[in-house]
Amino acid sequence: MTSSSESGLSVEQATHASLLDQVESAERELRSAAGRSVAQDGDLVAYFEALVAAEQKVEPRDWMPDAYRRSLVRQIAQHAHSEIIGMQPEANWISRAPSLKRKAILLAKVQDEAGHGLYLYAAAETLGVSRADLVEMLIEGRQKYSSIFNYPALTWADVGAIGWLVDGAAIVNQVPLCRCSYGPYARAMIRICKEESFHQRQGFEILHTLSHGTPRQKEMAQDAVNRWWYPSLAMFGPPDASSTHSSQSMTWKIKRFSNDELRQRFVDMCVQQAGVLDLALPDPELAWSPVRGAYDYTHPDYAELERVIRGDGPCSRQRIAHRRRTHDDGTWVREAAAAHAAKAAASRGTSSAGASSSSARSSSGPSSSSGPSSVGLSAAGAPVVAGSARAAGGVP
Ligand code: BYC
């Protein structure tokens, strides 16, 4: 007979394998798109539209409409900020993890999130913005990050619920982004999704252990799921009718599915997994609809989402204050890295003037007609060629 633990993980493993299959298929598409089958006849707009229509990737060297560039910078920057701010609720538990093994796993997970932030800032930089400017905009509240990270992680079970629900929602949202029309973002997403799927598994495993432990542990797991369920549903954004960017983003193939489509996908996935966890989802309206072939469910409170997005979430001020403090604490590291880069450039006999003038770079991106050509210094001091796909790492 299969133990409940084995059967629990096998259901989760099946979902994990299917998500990874989708990521791998997106990776194959990316490689074949690198071959480019669209002819360029000089008409830049027509060429851009043909690339997108033919499922080819738009690369930093290509002409692109200003609005496409702006929308990508907006989304990728918000995404990068979310990864970095998202380290806070879980990092809070590193020193209180219940065993050395749990601590090592959580430490690795939080470090992964920092890495995801870096891939994404690098992808944004290929659009002609600098990471330093983006970080500044986050700290000044001029750019957003995901609403979910404004909720507190109150118990160890929250670390499980964050992994299962928050990383689960992130994967459902991000796997389609592996097929985004902008090459550097799609490539970054492939690496991120591969790692993210393990994050979700570790959360599931924490909750499975707790829900099959003592009555007090099970109660703690249920309480965490109760508190994280609706904020996780809200991560997918406002309902389609009030989503300002979806339609244009879908035409440009930045987004592949609407907010409500992805939210539904997430609900359907969680119902099955909650059964295996032997935990209830806190929604009395949850019921299979044979007509729709999906679960009916109660939507999150979108007025609350709006408030949290505006900066009025339970931990909003604390999150930004902490980010500002750590940014200030890191000033000497950035200065040391910049000084080292300048010294290295000088010893190679080249001028370091361009490398130290991050503020001289345009923060609005290069002109859409000429395409990106700026070279600058990232916040970590590494030279960044805005036109280089390599800045976003990975695949051709
Ligand atoms: N929170 O027109 P809409 C992670 C904003 S990190 C805050 O539907 P769009 C992880 C939206 O930006 C998870 N703001 O927008 C890390 C827009 O405002 P602006 C982050 C939200 O772009 C660590 C306005 O509302 N994932 O995975 O079409 C540990 C109207 O919305 C939210 C990503 O960033 C929200 N929940 O769709 C664990 C994925 N929802 O810009 C896990 C990439 C909406 O006009 N991003 N807004 O001022 C996306 O897929 C899309 O940007 C969204 C929103 C689905 C989030």
Side-chain angles (χ1 to χ4, degrees), residues 67 70-93 106 109-117 119-120 123-124 137-138 141-151 153 158-159 161-180 182 185-186 188-189 192-193 195-200 202-203 228 230-252 254-263 265-266 300 302 304-313 316 319:
R70 272 198 309 275
S71 201
L72 279 169
V73 169
R74 175 190 66 81
Q75 178 165 331
I76 300 173
Q78 284 179 15
H79 196 165
H81 299 329
S82 305
E83 299 283 356
I84 299 301
I85 297 281
M87 295 164 74
Q88 292 186 36
E90 290 176 289
N92 187 32
W93 280 93
L106 185 57
K109 185 193 178 223
V110 172
Q111 279 177 343
D112 280 355
E113 310 297 357
H116 298 174
Y119 306 158
L120 288 162
M137 285 196 265
L138 166 70
R142 289 190 283 133
Q143 277 185 340
K144 300 186 167 83
Y145 60 90
S146 181
S147 51
I148 192 76
F149 302 116
N150 294 305
Y151 293 86
D158 286 34
V159 175
I162 291 173
W164 179 45
L165 294 173
V166 176
D167 287 278
I171 293 171
V172 169
N173 169 269
Q174 289 170 9
V175 166
L177 292 173
C178 295
R179 295 177 52 242
C180 165
Y182 186 58
Y185 193 26
M189 290 318 304
I192 291 174
C193 285
E195 292 175 1
E196 209 79 87
S197 69
F198 282 93
H199 295 176
Q200 195 220 6
Q202 67 86 38
W228 286 92
Y230 285 105
S232 301
L233 289 185
M235 279 175 78
F236 293 91
D240 291 352
S242 16
S243 167
T244 41
H245 303 291
S246 281
S247 158
Q248 181 60 76
S249 285
M250 285 167 75
T251 306
W252 279 328
I254 296 174
K255 273 168 100 161
R256 296 291 181 149
F257 299 96
S258 75
N259 298 354
D260 285 332
E261 282 171 325
L262 292 176
R263 197 171 358 251
R265 223 178 246 198
F266 175 67
Y302 293 117
E304 174 177 322
L305 172 65
E306 254 186 77
R307 280 196 306 277
V308 176
I309 292 179
R310 277 203 313 269
D312 205 11
S316 304
R319 298 289 184 241

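As the structure lists them, so they are numbered: ligands from 1, and atoms in each ligand from 1. All values below come from the heavy atoms of this structure, side chains included, with hydrogens, waters and symmetry mates left out. The residues of the chain are indexed from 1 along the displayed sequence.
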Problem set entry | Residue pair Arg263, Asp260: steps toward the salt bridge (Lys or Arg N to Asp or Glu O under 4.0 Å) verdict | CA-CA 5 Å; Arg263 197 171 358 251; Asp260 285 332; 2.7 Å; yes
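Among protein heavy atoms, the minimum distance from atom 28 (O) of ligand 1 is reached at Lys255 NZ, 2.6 Å. Among all protein heavy atoms, the one lying closest to atom 10 (C) of ligand 1 is Phe149 CZ, 3.5 Å. Protein heavy atom at the shortest distance from atom 30 (C) of ligand 1 is Thr244 OG1, 3.5 Å. Ranking the protein heavy atoms by distance from atom 35 (C) of ligand 1 puts Ser147 OG, 3.6 Å first. Taking atom 17 (C) of ligand 1 as the reference point, the nearest protein heavy-atom neighbour is His245 CD2, 3.9 Å. Residue, atom and distance of the protein heavy atom nearest to atom 6 (S) of ligand 1 are Ser82 CB, 3.5 Å. Closest to atom 12 (O) of ligand 1 among all protein heavy atoms lies Gln78 OE1, 2.7 Å. Closest to atom 5 (C) of ligand 1, if we only count protein heavy atoms, is Ile309 CD1, 4.0 Å.
Here Asn173 has side-chain heavy atoms under 4.0 Å from ligand 1, and that is the only part of it that gets that close. With a 4.0 Å heavy-atom cut-off, ligand 1 is reached by the side chain of Asn259 but not by its N, CA, C or O.
The contact set between ligand 1 and Gly237, taken as ligand atoms under 4.0 Å from a residue heavy atom, comprises 40 (N), 44 (C). Less than 4.0 angstrom separates some heavy atom of Tyr145 from each of these atoms of ligand 1: 1 (N), 7 (C). Heavy-atom proximity to Lys144, at under 4.0 Å, picks out these atoms of ligand 1: 14 (N), 18 (O), 19 (P), 48 (O). Within ligand 1, counting atoms from 1 as listed, the ones closer than 4.0 Å to a heavy atom of Ala234 are 36 (N). Every atom of ligand 1 with a heavy atom of Phe236 under 4.0 Å away is listed here by number and element: 55 (C). Listed by number with element, the atoms of ligand 1 under 4.0 Å from a non-hydrogen atom of Ala170 are 4 (C), 27 (O). Each of the atoms 26 (N), 27 (O) of ligand 1 lies under 4.0 Å from some heavy atom of Gln174.
Under 3.5 Å, the side chains of Gln202 and His199 contain no donor-acceptor pair of N or O atoms.
Side-chain atoms of Gln143 never come within 3.5 Å of backbone atoms of Met137 as a donor-acceptor pair (strictly under, hydrogens ignored). Within the 3.5 Å criterion, the main-chain N or O of Ala67 finds no donor-acceptor partner in the side chain of Ser71. Checking side-chain atoms of Asp240 against main-chain N and O of Asn259 turns up a donor-acceptor pair under 3.5 Å.
Annotation: cation-pi pair Arg265/Phe257 present, NZ/CZ under 6.0 Å from the ring centroid and within 45° of its normal.
At a 4.0 Å cut-off, at least one heavy atom of Leu177 sits close enough to ligand 1 to count as contact. The shortest heavy-atom distance from His116 to ligand 1 is not under 4.0 Å. In this structure, Ser249 has no heavy atom closer than 4.0 Å to ligand 1. Residue contacts with ligand 1 include Tyr185, since one of its heavy atoms falls under 4.0 Å from the ligand.
No side-chain heavy atom of Ile84 sits under 4.5 Å from any side-chain heavy atom of Leu138.
With atom 42 (C) of ligand 1 as the reference point, the heavy atom nearest to it among Asp112, Ile76, Asp167, Asn150 is part of Asp167. Looking at Gln75, His199, Arg74, Glu90 and measuring to atom 46 (N) of ligand 1, the nearest heavy atom belongs to Gln75.
Note that atom 23 (C) of ligand 1 has protein non-hydrogen atoms nearby, at separations under 4.0 angstrom.
Checking only distances, Leu305 never comes within under 3.5 Å of ligand 1, N or O to N or O.
The aromatic rings of Tyr185 and His79 stand perpendicular to each other, their planes meeting at an angle above 60°, with 30° marking the opposite boundary.
Residues Arg256 and Arg179 approach most closely at NH2-O, 2.6 Å, considering heavy atoms.
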